[in-house]
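Computed over heavy atoms, backbone and side chain alike; hydrogens, waters and symmetry mates excluded. First the proteins, then the strands, lettered A, B, ... as listed; each starts at 1.
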There are 2 protein chains.
Amino acid sequence: MVEVARNREPTLADVARRAGVSVATASRALSVRGPASASARHRVATAARELGYVPNPVARALATRTGTRLAVAVAGQTAHVLNDPYAARVLAATATAAAATRDVGVSLHWLPLHDPAELGRLTENRDIAGVIVVNPTTPALATVPRSARDRVASIGIGTRDVPSFDVDNATATTTMIEHLLATGRRRIAMITGPEWLPCTQRALTAYHRTLAESGTPPRLAPGNFTAAHGESAATTIMTRWPDTDAIFALGDLSALGALAALRGMGVDVPGDVALAGFDDIAYAALSHPSLTTTTNPVEAIAAGATTALLDHHTSTPQTFYPSTLILRDST
Amino acid sequence: MVEVARNREPTLADVARRAGVSVATASRALSVRGPASASARHRVATAARELGYVPNPVARALATRTGTRLAVAVAGQTAHVLNDPYAARVLAATATAAAATRDVGVSLHWLPLHDPAELGRLTENRDIAGVIVVNPTTPALATVPRSARDRVASIGIGTRDVPSFDVDNATATTTMIEHLLATGRRRIAMITGPEWLPCTQRALTAYHRTLAESGTPPRLAPGNFTAAHGESAATTIMTRWPDTDAIFALGDLSALGALAALRGMGVDVPGDVALAGFDDIAYAALSHPSLTTTTNPVEAIAAGATTALLDHHTSTPQTFYPSTLILRDST
DNA sequence: CTCACACGTGGAAGCGCTTCCACCACAAGG
DNA sequence: CCTTGTGGTGGAAGCGCTTCCACGTGTGAG
């Protein structure tokens, strides 16, 4: 009498019984790699379908000693990062990708800059299948034990054995600077992100190279992607180089902060100074003037990192995703 | 010879051995409720600390037949909700709370409006410990089997057996309208959210009551919290009631859209029309003029829902979190 | 001085999977 | 005809925890 009790989800044992094979064979037939005959595969698949069998990820995780969730670890100062829309967006995108690919959850963690070992600890957690680390430093990556390297993917800098996924902001920066040059701007300043970030470094290199080609000297102000820093950076720039005619901020929030500062100083945008941002956040289209910016394909990046992690693609060292220029009124 | 093999995390068996008790007792001593003597409790706790024992959530979940993650289910049209900063913020807050309280992950799901049963299906998933449903409809909540009701918490409307957590937007609306009245505005329009949302209904009731007390007739325009709808709603309002002197939008994005529309029509804010929003998003402080708004304590709400779910607090039917008025230049 | 009844405790049986290992055919080589 | 493989299979032992159950103990009441 093969009857599944009411109120109980079918298990692999039910499937095996119905298919007339052992649990071991059923397990192998359902997994792609295991040795199993074609006929067994077929019968098990049919039985599973008829029963509406759904594998229990918890049992599988326990048996294979892997985790049931992906950790998203964001580097930065906790207080600052807590209301970071970028982190929230990465998390949402990862959660969506993880739920779509496999049935795994996502948890969010902060990586204090002063304690690089926290990342290593996270990778040792028993029930974490993999870690997507956002903007890690090289020392932090170095704390990951060699054996756990295949359970880490980076959005930011990578290493030889940690694949990295990021927006191609070198090209994006070049494109943006060339756009500003094409519209007649010659005294172009840049508000950067934290200098320890590799994406800041890549953008800086592109900025210097593009300016050098057109023979214009650089004007730099440090920032940290927040609106407040954008404001003070714009003030600094206009005080130090009053004839500046364009500002490119590596982050829309900084750009919008700069916009407020410029308005406060009576500087017309784009009349006196052209202004451009990075990320294309929702508000960029709503400001006055609306902000020229370049996209950050976070969803694609997070999906890439997620599948790399879940499929153990160790063969992809670095992937850069293209950004597209969004022209609006501020330039 | 009590020696833990290298390269292996200590398990409960290791702790039990070191404490000189059985695994069963160790388990009971570690759990808060189980029967265990004070001395056993103490010895097990000490052994656990010395060994650096961390319970394996996967094994626990398998044994107790509970899940290892919390699902955050957002009601709405997928395309719209995918880049909804509010959903991302709820997810991030939930993930933070879940990681802090227990060691569980979070996954993100969309609930299409046309298929209320999706929520019921989610609650039946074997490895989901609980579902936090954002802005559910009553029919959707009704699809949750009675036995699973204690595994659901709602941000939005609740039922007798599903606790709900939300911002007290009735009071917030009253406060905002009273603020507008106090600054001399008398022809106050409101841009609402989708009418099927309970929070829209609560705000509407408060709006009508407050206006009725001051003897001013209502002026309503429907919206859906997006900037685009805010723009068209503002246009509609100013066309239909040209003497409007204040607009309150139930969402900052709508308010900012309205601001753009008003600027386009040559209406001065706050000179001709005072403008107020809801949520206090990051950009509200950066617009020109900066936006008067009222906070949405998403982090506290998500933390409340998370702990309610993980601790099976079924005794709290409804909790409303206070919003605070943020006065800026737009009113 | 019994009997009942707590209360703590250890043994052991799961939870639902994966995977090691032994086994059995059967085909191919000597 | 016997050995040596080979691919498919089932039994069973885990993974690390919780919890049922039975079994002593020490206490109070009868």
Side-chain angles (χ1 to χ4, degrees), chain A residues 4-5 7-44 47-48 51-68 102-104 124-129, chain B residues 4-5 7-45 47-48 51-68 102-104 124-129 312:
Chain A
V4 175
N7 213 359
R8 190 172 73 74
E9 294 288 307
T11 72
L12 191 55
D14 298 319
V15 174
R17 206 173 309 132
R18 179 176 251 261
V21 297
S22 72
V23 183
T25 302
S27 172
R28 272 173 305 223
L30 250 26
S31 91
V32 191
R33 323 189 48 70
S37 65
S39 86
R41 281 220 140 74
H42 179 254
R43 274 153 57 216
V44 170
L51 251 36
Y53 169 71
V54 180
N56 182 334
V58 177
R60 194 200 301 262
L62 182 61
T64 55
R65 291 164 213 69
T66 61
T68 56
R102 304 284 197 297
D103 227 21
V104 301
E124 284 177 337
N125 194 314
R126 309 285 288 118
D127 72 324
I128 288 182
Chain B
V4 175
N7 212 0
R8 190 172 74 75
E9 294 289 308
T11 71
L12 192 54
D14 298 318
V15 174
R17 206 173 309 130
R18 179 176 251 261
V21 297
S22 72
V23 184
T25 302
S27 172
R28 272 177 241 131
L30 250 26
S31 90
V32 191
R33 325 189 45 70
S37 65
S39 85
R41 279 220 143 76
H42 180 253
R43 272 151 60 214
V44 169
L51 252 35
Y53 168 72
V54 180
N56 182 333
V58 177
R60 194 201 300 263
L62 183 61
T64 54
R65 291 164 212 70
T66 61
T68 56
R102 304 283 198 298
D103 227 21
V104 302
E124 284 176 338
N125 194 314
R126 309 285 289 117
D127 72 324
I128 289 183
H312 296 288

Let me know the distance between [atom1] of [X] and [atom2] of [N], rounded to the nearest Å.
{"X": "E9(A)", "N": "dC15(C)", "atom1": "CD", "atom2": "P", "value": "14 Å"}
{"X": "L12(B)", "N": "dG14(D)", "atom1": "CG", "atom2": "P", "value": "18 Å"}
{"X": "N56(A)", "N": "dC15(C)", "atom1": "CG", "atom2": "C1'", "value": "8 Å"}
{"X": "D14(A)", "N": "dC17(C)", "atom1": "CG", "atom2": "C1'", "value": "13 Å"}

Residue mapping more 5' on DNA chain D - nearest nucleotide basis, R43(A) or S27(B):
R43(A)
Of V23(A) and A38(A), the one whose nearest nucleotide on DNA chain D sits closer to the 5' end is A38(A)
At 4.0 Å (heavy atoms only), tell me whether [X] reaches a base, stays on the sugar-phosphate, or touches nothing.
{"X": "A40(A)", "result": "sugar-phosphate"}
{"X": "V58(A)", "result": "nothing"}
{"X": "A36(A)", "result": "sugar-phosphate"}

Would you say the base of dG10(D) and the side-chain of R28(A) have a donor-acceptor pair closer than 3.5 Å?
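Answer yes: a donor N or O sits under 3.5 Å from an acceptor.
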Base dG8(D) to side chain R41(A), donor-acceptor N/O within 3.5 Å cut-off:
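Per atom types, no contact qualifies.
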Can you tell which of [options] lies closest to the side chain of [X]?
{"X": "R60(B)", "options": "dC17(D), dC15(D), dA12(D)", "value": "dC17(D)"}
{"X": "P55(B)", "options": "dC17(C), dC17(D), dG16(C)", "value": "dC17(D)"}
{"X": "T64(A)", "options": "dT9(D), dT18(C), dC17(D)", "value": "dT18(C)"}
{"X": "S22(A)", "options": "dG16(C), dG11(D), dT18(D)", "value": "dG11(D)"}
{"X": "T25(B)", "options": "dC17(D), dG16(C), dT9(C)", "value": "dT9(C)"}
{"X": "L62(B)", "options": "dC15(D), dC15(C), dA12(D)", "value": "dC15(C)"}

Taking the nucleotide of DNA chain C with the closest heavy atom to each, which residue, S39(B) or A63(B), is nearer the 5' end?
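Looking at DNA chain C, the more 5' nearest nucleotide goes with S39(B).
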Starting from the 5' end of DNA chain C, give me the residue, S37(B) or R65(B), whose nearest nucleotide shows up first.
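On the 5' side of the pair lies S37(B).
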Find the distance between CG (D14(B)) and CD (E9(B)) and round it off to the nearest 0.5 Å.
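Spacing of CG (D14(B)) from CD (E9(B)) equals 10.5 Å.
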For the atom pair CZ (R18(B)) and CZ (R43(B)), what is the distance rounded to the nearest 0.5 Å?
13.0 Å
T11(B) side chain near N56(B) side chain, heavy-atom distance below 4.5 Å:
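No. Closest side-chain heavy atoms not under 4.5 Å.
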If we only count heavy atoms from C-beta on, is the Y53(B) to L12(B) side-chain gap below 4.5 Å?
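In short, these two side chains touch, coming nearer than 4.5 Å.
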Does S27(A) reach the main-chain N or O of V23(A) with its side chain, forming a donor-acceptor pair under 3.5 Å?
no
